[in-house]
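Working notes for the structure below.
By convention in this document, chain letters (A, B, ...) are assigned in the order of the sequence lines, proteins followed by strands, and residues within each chain are numbered from 1.
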Amino acid sequence: MNKAIWGFVKLLGSAFRDLIPIILVIAFFQLAVLQQPFPNLSGVFVGLVCVVLGLALFVQGLEMGLFPLGEAMADAMARKGSLVGLLLFAFMLGFGTTVAEPALIAIAAEAGSIAGQAGAIEDTAESRASYASGLRMTVAISVGASLVLGVFRILKGWPIHYFIIGGYILVTIITMFAPDEIIGIAYDSGGVTTSTITVPLVTALGVGLSAVIKGRNPMLDGFGLIAFASLMPMIFVMIFGMLA
Amino acid sequence: MIEFILHTGDVIATTVFDVLPIAAILFFFQAVFIKKKPPNMKRILIGFIYVLLGLSLFLVGLEEALFPLGKTMAQQLTNPEFLDIAKGAPVHWQDYMWVYLFAAAIGFSTTLAEPSLIAIAIKAQEISGGSLKAFELRVVVALGVAFGVSIGAYRIVTGTPLPYYIMAGYALVIMQTFKASKPIIPLAYDSGGVTTSTVTVPVVAALGLGLASNIPGRSPLLDGFGLIAFASVFPIVAVLGYDMLTTWLKARNINNEKDDR
């Protein structure tokens with residue numbers, strides 16, 4: 001038990017170390033550049049304690065729960081040998097975690113009002129809402145599809161860079177045809193799809209799969225799922241912008 | 001204080017609600033396809049609770065301590081009065097030096113505390129058998145974000161088209177891909193996707209919106225977007241570049257040793 005407590009204290013220490021840069025940056029700009037006092041100093045302090053504690057708990061939970069679970073499931077799925085089950089799992093994981101993602105909901109709503117103002121759709125609350133939900137579904141489906149493709153790549157052992165470079169070329173081509181007002185949103189949507197709980201699970205899935213399948217190297221084949229999940233939505237969202 | 005506790009309860013409830021679909025999917029596949037309990041079920045559940053609690057506390061703390069300050073700061077720094085710019089004066093990109101510096105500093109420091117990046121880095125260290133240090137990887141990624149967000153701020157100031165920059169980033173990544181050592185490539189690609197979540201997005205988005213609404217001729221709706229995209233491409237460049245640099249340094253050391261003999 002003592003060992004566990006000591007381990008957690010170490011985690012607290014590294015969480016604090018991770019926050020030092022933010023504290024320094026904020027303090028420097030507040031005091032030296034903007035030359036203003038700190039508002040609500042006690043609140044800031046309580047907040048920082050929460051952040052440090054939260055980060056340490058999160059890392060502890062990662063190693064106890066999310067990583068082992070992701071790997072155990074990948075392992076069990078691979079041993080079952082059910083390709084359909086595995087791909088369905090990948091799709092559901094991508095779709096299910098993305099469709100409810102708060103950052104995505106916020107961005108989609110914003111996109112709806114942009115499209116309304118730009119005259120791409122009728123500027124009514126109703127058509128904006130339907131645009132926003134259409135966009136959300138598009139992104140969620142694209143993340144699901146990209147995990148399916150990514151898992152398939154791991155199974156086949158294809159090198160990742162062909163896919164990513166191909167994806168970049170596709171993005172470049174589609175950008176030329178996509179309406180201007182969707183491009184910024186499309187590019188940003190790639191970054192917001194991968195939430196903090198999805199990332200460890202998806203990483204563990206990839207690494208777990210490549211550890212079970214003969215001839216796959218976890219370093220070469222296990223990573224890359226996240227990369228697919230951040231590239232594919234860009235392509236899908238621009239296509240959505242062209243069709244909507 | 002009571003308000004604070006209530007708020008914490010709220011955030012925990014939201015986090016749990018966000019995780020419900022994931023939990024449902026995991027449970028469904030566990031029950032229907034795998035039909036076998038994973039080992040250490042109890043430990044995994046406790047870990048799950050830690051993750052939920054940790055994330056909630058983390059978010060509450062950020063909302064309490066960092067986001068309000070970061071957001072006001074982003075607005076104040078982009079304010080023409082602070083930057084000493086006369087009303088209606090033409091836009092000179094040099095006038096915004098503090099903004100670029102703030103963009104880089106805040107990009108670097110928030111990325112270093114990004115939980116998804118921590119997760120990937122831990123995994124990478126584990127798999128590489130320790131030859132790749134988690135903290136080192138995170139610092140390199142954070143440097144990439146710093147550079148990216150700073151360039152992104154410059155783009156908003158000058159109003160130049162977003163695709164050009166991103167395409168240039170892509171071209172760089174493609175060239176580097178052929179030079180970098182193979183095992184780092186998938187990890188580098190992944191590191192682009194994990195830099196922008198919980199911590200970085202709110203502050204960086206506030207910076208983009210502040211800039212776009214304060215600079216004449218920019219529309220917050222059209223130009224406010226795009227900073228996240230910068231923060232997703234440049235970390236890839238940074239990680240691949242770091243790998244090329246260390247490989248080159250190693251090769252040089254070996255050559256030097258040969259010469260000494």
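The part of A:Gln36 that comes within reach of chain B is its side chain, from C-beta onward, which places non-hydrogen atoms under 4.5 angstrom from that chain. Of the two parts of B:Leu132, only the side chain, counted from C-beta on, holds a non-hydrogen atom closer than 4.5 Å to a non-hydrogen atom of chain A. The part of A:Met234 that comes within reach of chain B is its side chain, from C-beta onward, which places non-hydrogen atoms under 4.5 angstrom from that chain. Neither the backbone nor the side chain of B:Val32 comes within contact range of chain A, judged by heavy atoms closer than 4.5 Å. Only the side chain of B:Thr177 comes within contact range of chain A, judged by heavy atoms closer than 4.5 Å. Residue contact with chain A, scored on non-hydrogen atoms closer than 4.5 Å, involves the backbone and the side chain of B:Ala124 alike. In this structure, chain B has a heavy atom under 4.5 Å from the side chain of A:Thr175, while its backbone stays farther away. With a threshold of 4.5 angstrom between heavy atoms, A:Arg79 does not approach chain B through any atom at all. B:Ser109 touches chain A through backbone and side chain together, each having a heavy atom under 4.5 Å away. Only the side chain of B:Phe178 comes within less than 4.5 Å of a heavy atom in chain A; its backbone stays farther off. Proximity to chain B is absent for every atom of A:Gln35, based on heavy atoms less than 4.5 angstrom apart. For B:Ile106, the parts lying near chain A are the backbone and the side chain together; criterion is any non-hydrogen pair under 4.5 Å. If you measure heavy-atom distances from B:Met167 to chain A, the contacts under 4.5 Å come from the side chain alone. Of the atoms belonging to B:Leu20, not a single heavy atom falls under 4.5 Å from chain A. Contact annotation for B:Glu63: neither backbone nor side-chain heavy atoms come within less than 4.5 Å of a heavy atom of chain A. Proximity to chain B involves both the backbone and the side chain of A:Val44, based on heavy atoms less than 4.5 angstrom apart.
The line from CZ of A:Phe89 to CD1 of B:Ile25 is 8.0 Å long, rounded to the nearest 0.5 Å. We find the OG1-CD1 distance between A:Thr203 and B:Ile120 to be 3.5 Å, quoted to the nearest 0.5 Å. Between the CD atom of B:Gln30 and the CE atom of A:Met77 there is a distance of 9.0 Å, given to the nearest 0.5 Å.
Contact count against chain B (heavy-atom pairs under 4.5 Å) is highest for A:Leu55 among A:Leu231, A:Val49, A:Leu55, A:Val171. Comparing B:Leu59, B:Ile127, B:Thr8 by how many heavy-atom pairs each has under 4.5 Å with chain A, the most go to B:Ile127. The candidate from B:Ile174, B:Ile228, B:Asp190, B:Leu57 with the greatest count of non-hydrogen atom pairs under 4.5 Å with chain A is B:Asp190. In terms of non-hydrogen atom pairs under 4.5 Å with chain A, the most contact-rich of B:Leu69, B:Ile185, B:Leu52 is B:Leu69. Taking chain A as the reference chain and counting heavy-atom pairs below 4.5 Å, the highest number among B:Ile46, B:Leu45, B:Leu77 is found for B:Leu77. Comparing A:Gly85, A:Pro200, A:Ala72, A:Ala15 by how many heavy-atom pairs each has under 4.5 Å with chain B, the most go to A:Gly85. Here A:Ile164 is the residue among A:Val59, A:Leu19, A:Ile164 with the most heavy-atom pairs under 4.5 Å with chain B. Heavy-atom pairs under 4.5 Å with chain B were tallied for A:Thr97, A:Leu62, A:Val25; the largest tally goes to A:Val25. Comparing B:Pro163, B:Ser191, B:Ala171, B:Ser232 by heavy-atom pairs within less than 4.5 Å of chain A, the highest count is held by B:Pro163. Comparing A:Val207, A:Leu66, A:Leu225, A:Leu34 by how many heavy-atom pairs each has under 4.5 Å with chain B, the most go to A:Leu34. Counting heavy-atom pairs closer than 4.5 Å to chain B, the top residue among A:Leu88, A:Ile20, A:Asp75, A:Asp221 is A:Leu88. With chain A as partner, the option from B:Pro161, B:Gly61, B:Ala24 having the largest number of non-hydrogen pairs under 4.5 angstrom is B:Gly61.
A tilted orientation is assigned to the rings of B:Trp98 and A:Phe28, their planes being inclined by 30° to 60°.
Across every non-hydrogen atom of A:Phe67 and B:Ala119, the tightest pair is CZ-O, 3.4 Å. When all heavy atoms are compared, the tightest approach of A:Gly184 to B:Leu162 is CA-CD2, 3.7 Å.
The six-membered or imidazole ring of A:Phe58 lies away from that of B:Tyr50, with a centre-to-centre distance of 6.0 Å or more.
Side-chain contact between B:Phe28 and A:Met92 is absent, with no heavy atoms from C-beta onward closer than 4.5 Å. Using a 4.5 Å cut-off on side-chain heavy atoms (C-beta onward), B:Glu64 and A:Cys50 make no contact. Looking at A:Asp18 and B:Ile118, their side chains come closer than 4.5 Å, going by heavy atoms from C-beta outward. Within the 4.5 Å cutoff, side-chain heavy atoms of B:Phe135 are placed close to those of A:Arg17. In this structure, B:Leu26 and A:Leu201 have side chains that are in contact, with non-hydrogen atoms separated by less than 4.5 Å.
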Stepwise side chain to side chain contact (heavy atoms under 4.5 Å, CB included) check, B:Ile44 with A:Met64: CA-CA 6 Å; B:Ile44 288 177; A:Met64 279 174 67; over 6 Å; no
Verdict with supporting geometry, A:Phe29 and B:Phe102, side chain to side chain contact (heavy atoms under 4.5 Å, CB included): CA-CA 8 Å; A:Phe29 275 89; B:Phe102 179 71; 3.6 Å; yes
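For A:Phe8, the CZ atom counts as densely surrounded, since its 6.0 Å shell holds more than 12 non-hydrogen atoms of other residues, nucleotides or ligands.
A salt bridge does not link A:Glu63 to B:Lys123: none of the charged nitrogens lies less than 4.0 Å from a carboxylate oxygen.
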